[in-house]
2 protein chains.
Amino acid sequence: MNNEARPVAAPGSPVRGSRSGQPIMVLFDLLSRRWAMGVLWNLSDGSRTFRDLQERCGSASPSVLNTRLKELRSVGLVEKAHDGYALTVSGRDLFQHLEPLGDWAMEWVPSLDAGRDS
Amino acid sequence: MNNEARPVAAPGSPVRGSRSGQPIMVLFDLLSRRWAMGVLWNLSDGSRTFRDLQERCGSASPSVLNTRLKELRSVGLVEKAHDGYALTVSGRDLFQHLEPLGDWAMEWVPSLDAGRDS
DNA sequence: TCGTATTGCTACGAATATCGTAGCGTACGG
DNA sequence: CCGTACGCTACGATATTCGTAGCAATACGA
């Protein structure tokens, strides 16, 4: 199959090219997988079902979504709740550091149009 | 060719599945491309040459690196300096929101080993 | 002027990741 | 039963990334 959860981290050993094994690169490696951040973001305000999550992530394919969920669960950022998936304590902790990006993005995005042509 | 800079954003229109067009999703879409965050991170403490960046990014292939650089430049986060590449003002601004992740990662990574087997 | 080193970058086939769609098995309500 | 929603798997088609080779331009010393 193609949607196996790729190993995450093992800091100090090369993962997806993060040869340095620096913690931040391990984290970037994880977060830069498709929809990883989107899942954290969408779980931030409460637990959601698999299919709900799917919609909110631009109809991401179930295989990738499931893969991301496995990975995020394997590193203890996400867990299963009786009513779907939810952030763990450290998941919420990480989200707090992601949250400011939301405000930043809202100021940044308009400046994109500025340089877009007409 | 394969290493064309993919369009970034156009908030409101679907990009790589970010159907919502929410600014944060536009940003996530950009940042989750391979090495995007790594480039920002490695440029944070001064300008670097193309090849220097390459090394620091786990020997990322030149094609991807160049593609990322094009994209990051096209959205005004990175610019060419006489001695390589450097963050722009808003690039540094964004980095400030990324930086706390470094500390977080250093506390988080050890907890990964804990649950890794024996 | 001739190496030769370094730099920025392109080319391109092979390897991976992601998408899109179909569909299975379970649980629940009517 | 029947319909619906759920979590999730299967799998071929696409898209992205890797790995390696190599070229043009610049800089440096011999």
Side-chain angles (χ1 to χ4, degrees), chain A residues 1-9 13-20 25 28-39 42-43 46-74 78-86, chain B residues 1-9 13-20 25 28-39 42-43 46-74 78-86:
Chain A
M1 243 195 297
N2 230 352
N3 55 349
E4 275 176 41
R6 283 168 268 160
V8 176
S13 56
V15 173
R16 272 226 303 177
S18 304
R19 306 230 212 287
S20 63
M25 290 305 166
F28 283 169
D29 179 27
L30 175 69
L31 293 184
S32 68
R33 292 170 191 182
R34 197 89 188 102
W35 296 120
M37 286 174 143
V39 165
N42 282 302
L43 286 182
S47 61
R48 301 194 179 284
T49 68
F50 187 92
R51 282 169 128 102
D52 188 9
L53 222 39
Q54 224 185 315
E55 282 178 33
R56 286 166 182 274
C57 290
S59 303
S61 65
S63 36
V64 217
L65 181 56
N66 189 36
T67 305
R68 281 307 89 80
L69 285 170
K70 277 181 192 169
E71 292 168 357
L72 292 172
R73 277 196 291 160
S74 82
V78 167
E79 65 190 350
K80 268 192 171 174
H82 71 288
D83 57 344
Y85 290 95
Chain B
M1 244 195 297
N2 230 353
N3 54 350
E4 276 176 40
R6 284 169 266 160
V8 177
S13 56
V15 173
R16 272 227 300 179
S18 303
R19 306 233 212 286
S20 62
M25 289 306 165
F28 282 170
D29 178 26
L30 174 69
L31 292 185
S32 68
R33 292 171 190 181
R34 202 79 240 269
W35 296 119
M37 288 174 139
V39 166
N42 282 303
L43 286 181
S47 60
R48 299 194 179 284
T49 69
F50 188 92
R51 281 171 128 103
D52 189 9
L53 267 179
Q54 226 185 313
E55 281 177 36
R56 286 165 181 275
C57 289
S59 304
S61 66
S63 35
V64 216
L65 181 56
N66 189 36
T67 306
R68 281 307 89 80
L69 285 170
K70 277 181 192 169
E71 292 168 356
L72 292 172
R73 278 195 290 160
S74 81
V78 167
E79 65 189 350
K80 267 193 171 173
H82 70 288
D83 57 345
Y85 290 94

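Small disclaimer: the values here were computed from a predicted structure and weren't measured. Residue numbers begin at 1 in each chain, while the letters A, B, ... track the order of the sequences.
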* Taking side chain as C-beta onward, heavy atoms only, is B:L31 less than 4.5 Å from A:S32? -> no

Could you give the [atom1]-to-[atom2] distance, from [X] to [N], as a whole number of Å?
| X | N | atom1 | atom2 | value |
| --- | --- | --- | --- | --- |
| A:R34 | D:dT16 | CZ | P | 9 Å |
| B:R51 | D:dA21 | CZ | P | 14 Å |
| A:F50 | D:dA5 | CZ | C1' | 13 Å |
| A:D52 | D:dC6 | CG | P | 8 Å |
| B:Q54 | D:dT17 | CD | P | 15 Å |
| B:R33 | C:dA17 | CZ | P | 18 Å |
| A:L53 | D:dG7 | CG | P | 9 Å |
| A:N66 | D:dA10 | CG | C1' | 12 Å |

To check you understand the geometry: which heavy-atom pair defines the closest contact between [X] and [Y], and what is its length?
| X | Y | value |
| --- | --- | --- |
| A:T67 | A:A5 | CG2-CA, 3.8 Å |
| A:L65 | A:F50 | CD2-O, 3.7 Å |
| B:Y85 | B:L69 | CE1-CD1, 3.7 Å |
| B:R6 | B:R68 | NH2-NH2, 2.8 Å |

* Asked: Heavy atoms under 4.0 Å, any strand shown: does B:T49 hit a base, just sugar-phosphate, or nothing?
  -> sugar-phosphate

* Within the structure shown, what part of the strands sits under 4.0 Å from A:R68 by heavy-atom distance: base, sugar-phosphate, or nothing? -> sugar-phosphate

* Ignoring hydrogens and geometry, is there a side-chain-to-backbone donor-acceptor pair from B:N42 to B:G38 under 3.5 Å? -> yes

* To do: Would you sketch DNA chain C in dot-bracket for me? Only Watson-Crick or G-U wobble pairs with both distances under 3.5 Å count, crossing pairs as [ ], other-strand pairs as |, the rest as dots.
  => ||||||||||||||||||||||||||||||

* Asked: For C:dT7, does OP1 or OP2 lie under 4.0 Å from any side-chain N or O of B:K80?
  -> no

* **side chain to side chain contact (heavy atoms under 4.5 Å, CB included) involving A:R51 - partner list, sequence neighbours excluded** => A:T49, A:Q54

* Asked: What nucleotide, of D:dG7, D:dT9, C:dG8, holds the atom closest to the side chain of A:K70?
  -> D:dT9

* Choose from D:dG19, C:dG20, D:dT9 the nucleotide whose nearest atom is closest to any side-chain atom of A:P62. => D:dT9

